[in-house]
Peer 1: 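Before we start, here is the structure in question, set down as structure tokens.
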Amino acid sequence: MFASRTGWNLQPNRFTQTLERLRNSGSELLDLSASNPTLSGFHYDGSRILSALASPQGLQYQPVPFGMESARNAVAEYYLENGSRISPSQIVLTTSTSEAYTYCFRLLCDPGDDVLIARPSYPLFDLLAGIQDVNLRSFSLIYDHGWQIDFHSLEQAITSRTRAIVLVHPNNPTGSFVKPDELEQLNRICERHDLALICDEVFLDYAPGPARKSFSGNDRALTFTLSGLSKIAGLPQMKAAWIVVTGREEVKQAAIARLEVIADTYLSMNAPVQHALSAMLESRHALQRQMMERIQINLAELDRQLLDNPQCVRLTLEGGWYAVLRIPAHGSDEDFVVRLLEEHGVIAHPGHFFDFEADGYLILSLITPQNEFREGVRRILTSVS
């Protein structure tokens with residue numbers, strides 16, 4: 001009765017079973033995996049955001065495939081503030097970056113085609129690709145005094161059916177950016193093999209200024225730059241995201257023409273959020289200041305506690321809001337996080353959730369409230385000891 005693409009193993013793993021059991025029993029847990037900014041104690045300018053949603057224009061339906069020009073102008077202004085001059089005609093509004101990936105996969109791939117994705121990376125890609133009948137092939141990020149692309153593994157992963165390279169900039173969870181020399185190599189590879197770049201920049205704003213160079217300025221390979229309100233404005237519930245299309249003029253215009261048909265088929269995103277998009281983007285500044293302050297405080301606290309625990313090492317972090325902690329691998333990461341839950345009441349994600357190739361990695365959210373983070377780290381290091 002059901003399609004083979006939905007034949008997932010839906011059985012909960014040991015970590016999920018343990019977490020559900022402890023929550024149902026009323027156990028107090030410290031959540032160092034928290035990724036929802038709306039539940040992390042930040043202050044939002046609620047009156048401004050809600051009043052923007054109350055525009056009477058939101059009651060009118062305007063079926064514009066790429067989204068209203070006023071909303072796309074607001075996105076173009078965001079990129080101008082980050083050093084990229086983008087025309088609204090290059091911007092496609094979507095309800096989420098997940099939908100943006102759907103547009104890109106539908107544009108570029110026939111069933112059974114490949115896209116390349118870095119490892120480690122965010123686990124959602126397996127599902128996004130599978131639902132679109134696209135195969136994922138991985139290449140490696142390697143760590144040597146910082147993260148870098150293993151171009152040998154990337155070239156080996158390319159097949160006659162490869163259509164695109166997916167990059168997360170900065171990567172989730174490694175927090176590593178694609179360096180300028182790496183972008184040069186990526187462009188050469190894409191030109192040689194006729195590939196596109198799909199670059200997810202949802203964490204771009206959470207980094208020092210010099211590192212924050214957007215792929216939206218790349219005009220060599222056909223490039224689709226994805227972002228949205230979920231991370232940059234801390235508003236995942238508003239369901240607003242976008243694609244910026246850049247590259248050589250002829251192929252860029254061909255991509256835009258085809259994307260217009262795809263977007264028109266899916267129908268345009270909701271009108272109230274489009275009318276409020278400018279105000280929501282403007283609200284990001286105050287929220288990002290709060291989040292960056294917490295990220296920096298938590299990172300400093302983690303480093304302070306690690307001084308007395310040399311058996312654990314924090315890997316280099318360039319951006320984003322996660323820290324990767326290297327711990328002694330005396331067993332599987334799953335065994336460790338289950339024991340951490342049962343004996344210390346701390347939630348942390350194991351490295352294998354993000355396709356780390358070896359055991360001995362924990363992923364910690366730096367937007368966790370500070371007191372909770374401090375105590376959670378103390379318990380983790382106690383457990384390691």
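All of these numbers come straight from a predicted model, not from anything done at the bench.
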Peer 1: Any side-chain to backbone donor/acceptor pair from N82 onto Y78? Under 3.5 Å, distance only.
Peer 2: yes
Peer 1: One pair to check against side chain to side chain contact (heavy atoms under 4.5 Å, CB included): D113 and F105. What are the steps and the verdict?
Peer 2: CA-CA 9 Å; D113 282 344; F105 291 164; over 6 Å; no
Peer 1: Walk me through it: do F125 and Y101 pass the test ring-ring contact (aromatic ring centres under 6.0 Å, His included)?
Peer 2: CA-CA 9 Å; F125 292 120; Y101 278 109; 5.2 Å; yes
Peer 1: Please confirm whether R326 makes a cation-pi placement over Y361, using NZ or CZ under 6.0 Å from the six-membered ring centre and within 45° of the ring normal.
Peer 2: yes
Peer 1: Is any NZ, NE, NH1 or NH2 atom of the basic residue among E375 and R379 found under 4.0 Å from an Asp or Glu carboxylate oxygen of the other?
Peer 2: yes
Peer 1: Which value, rounded to the nearest 0.5 Å, describes the distance between D359 atom CG and H330 atom NE2?
Peer 2: 12.0 Å
Peer 1: For the residue pair N36 / T38, report whether a side-chain donor-acceptor contact shorter than 3.5 Å exists.
Peer 2: yes
Peer 1: Check this for me: does any side-chain nitrogen of one of R14 and D335 sit under 4.0 Å from a carboxylate oxygen of the other?
Peer 2: yes
Peer 1: Should the pair R294 and F42 be classed as cation-pi, given the thresholds of under 6.0 Å to the six-membered ring centre and 45° from the axis?
Peer 2: yes
Peer 1: Between R339 and S383, is any side-chain donor less than 3.5 angstrom from a side-chain acceptor?
Peer 2: yes
Peer 1: Check whether any side-chain heavy atom of L186 sits under 4.5 Å from a side-chain heavy atom of L154, and report yes or no.
Peer 2: yes
Peer 1: Backbone N or O of S55 within a donor-acceptor pair of the H275 side chain at under 3.5 Å?
Peer 2: no
Peer 1: Just by distance, do the side chain of N73 and the backbone of E69 share a donor-acceptor pair under 3.5 Å?
Peer 2: yes
Peer 1: Determine, stepwise, if the pair E342 / R21 fulfils salt bridge (charged side-chain N to carboxylate O under 4.0 Å, His left out).
Peer 2: CA-CA 10 Å; E342 293 181 327; R21 172 171 55 80; 2.9 Å; yes
Peer 1: As a quick check of understanding, evaluate salt bridge (charged side-chain N to carboxylate O under 4.0 Å, His left out) for R188 and E191, giving each step before the final call.
Peer 2: CA-CA 5 Å; R188 289 201 300 265; E191 290 167 349; over 6 Å; no
Peer 1: Is it true that D303 and R314 have a side-chain N and a carboxylate O under 4.0 angstrom from each other?
Peer 2: yes
Peer 1: Do you know which two heavy atoms are closest between A100 and W242, and how far apart they sit?
Peer 2: CB-O, 4.5 Å
Peer 1: With a 3.5 Å distance limit and no angle check, can you tell me whether Q290 reaches the backbone of H43 through a side-chain donor-acceptor pair?
Peer 2: yes
Peer 1: Can you find a side-chain donor-acceptor pair between N187 and N218 that sits under 3.5 Å?
Peer 2: yes
Peer 1: Could you report the tightest heavy-atom contact between S140 and E357, atom names first, then the distance?
Peer 2: OG-OE2, 3.6 Å
Peer 1: Using the rule given for side-chain hydrogen bond (donor to acceptor under 3.5 Å, both in side chains), can you reason through S216 versus T225, listing the C-alpha separation, both sets of side-chain angles and the distance that settles it, and then say yes or no?
Peer 2: CA-CA 6 Å; S216 60; T225 302; 5.3 Å; no
Peer 1: State whether the side chain of T102 and the backbone N or O of S98 hold a donor-acceptor pair below 3.5 Å, judged by distance alone.
Peer 2: yes
Peer 1: So, R106 versus Q132: side-chain donor-acceptor pair below 3.5 Å or not?
Peer 2: yes
Peer 1: For the pair N135 (side chain) and G112 (backbone), establish whether a donor and an acceptor sit closer than 3.5 Å, ignoring hydrogens and angles.
Peer 2: yes
Peer 1: Yes or no on side chain to side chain contact (heavy atoms under 4.5 Å, CB included) for F139 and I149, after CA distance, side-chain angles and deciding distance?
Peer 2: CA-CA 8 Å; F139 61 93; I149 296 173; 3.9 Å; yes
Peer 1: Which heavy atom of Q60 sits nearest to which heavy atom of A271, and what is that distance?
Peer 2: O-CB, 3.7 Å
Peer 1: Taking it one step at a time, do L229 and L281 satisfy side chain to side chain contact (heavy atoms under 4.5 Å, CB included)?
Peer 2: CA-CA 7 Å; L229 293 182; L281 280 170; 3.8 Å; yes
Peer 1: What are the two closest heavy atoms between L93 and A71, and how far apart are they?
Peer 2: CD1-CB, 3.6 Å
Peer 1: Give the intermediate values and the outcome of side chain to side chain contact (heavy atoms under 4.5 Å, CB included) for residues Q253 and R258.
Peer 2: CA-CA 9 Å; Q253 292 303 329; R258 293 183 179 220; over 6 Å; no
Peer 1: If we ignore hydrogens and angles and just use 3.5 Å, is the side chain of N309 paired with the main-chain N or O of Q305 as donor and acceptor?
Peer 2: yes
Peer 1: Using a strict threshold of under 4.0 Å (side-chain N to carboxylate O), is an ion pair present between E184 and R220?
Peer 2: yes
Peer 1: Does any non-hydrogen side-chain atom of I198 lie less than 4.5 Å from one of V166?
Peer 2: yes
Peer 1: How long is the span from the OG atom in S230 to the CG atom in L235, to the nearest 0.5 Å?
Peer 2: 8.5 Å
Peer 1: Per the side chain to side chain contact (heavy atoms under 4.5 Å, CB included) rule, which among F203, W321, F356 passes with P173?
Peer 2: F356
Peer 1: Hey, mind stepping through E201 and K213 against salt bridge (charged side-chain N to carboxylate O under 4.0 Å, His left out) and telling me if it holds?
Peer 2: CA-CA 10 Å; E201 294 185 346; K213 186 170 179 58; over 6 Å; no
Peer 1: To the closest 0.5 Å, what do you measure between OG1 (T18) and CD1 (I347)?
Peer 2: 11.0 Å
Peer 1: Begin with the C-alpha distance, continue with both residues' side-chain angles, and end with the deciding distance and a verdict on ring-ring contact (aromatic ring centres under 6.0 Å, His included) for F15 and F353.
Peer 2: CA-CA 11 Å; F15 173 79; F353 278 12; 5.6 Å; yes
Peer 1: If you compare all heavy atoms of P120 against all heavy atoms of L141, which two are closest, and at what distance to 0.1 Å?
Peer 2: O-CD1, 3.9 Å
Peer 1: Say you draw a straight line from CD1 of I297 to CZ of R374; how long is it, rounded to the nearest 0.5 Å?
Peer 2: 9.0 Å
Peer 1: Take the angle between the ring planes of W147 and Y143 and call it parallel below 30°, perpendicular above 60°, tilted in between.
Peer 2: perpendicular
Peer 1: Return the OH to CG distance between Y122 and L128, rounded to the nearest 0.5 Å.
Peer 2: 9.0 Å
Peer 1: Could you check E249 against K252 for salt bridge (charged side-chain N to carboxylate O under 4.0 Å, His left out), going step by step and ending with a plain yes or no?
Peer 2: CA-CA 5 Å; E249 188 64 23; K252 178 182 73 176; 3.1 Å; yes
Peer 1: Looking at E155 and R192, does any basic side-chain N land under 4.0 Å from a carboxylate oxygen?
Peer 2: yes
Peer 1: Taking NZ, NE, NH1 and NH2 as the nitrogens, is one of them in E318 or K179 under 4.0 Å from a carboxylate oxygen of the other?
Peer 2: yes
Peer 1: Of all the heavy-atom pairs spanning V92 and A263, show the shortest one and how long it is.
Peer 2: CG1-CB, 4.4 Å
Peer 1: Indicate if L267 and I262 have the same hydrophobic cluster label, given that clusters are the connected sets of ILVMFWY residues with side-chain heavy-atom separations under 4.5 angstrom.
Peer 2: no
Peer 1: Is T16 reaching over with its side chain to a backbone N or O of P12, donor-acceptor style, under 3.5 angstrom?
Peer 2: no
Peer 1: Set out, in order, the CA-CA distance, both residues' side-chain angles and the distance that settles side-chain hydrogen bond (donor to acceptor under 3.5 Å, both in side chains) for E372 and T368, then state yes or no.
Peer 2: CA-CA 7 Å; E372 189 170 343; T368 305; over 6 Å; no
Peer 1: To the nearest 0.5 Å, tell me how far Q274 CD sits from L53 CG.
Peer 2: 12.0 Å
Peer 1: Would you call the rings of F354 and Y322 parallel, tilted or perpendicular, taking 30° and 60° as the class edges?
Peer 2: tilted
Peer 1: Looking at R161 and D114, is there a salt bridge between them, counting it only when a charged N and a carboxylate O are closer than 4.0 Å?
Peer 2: no
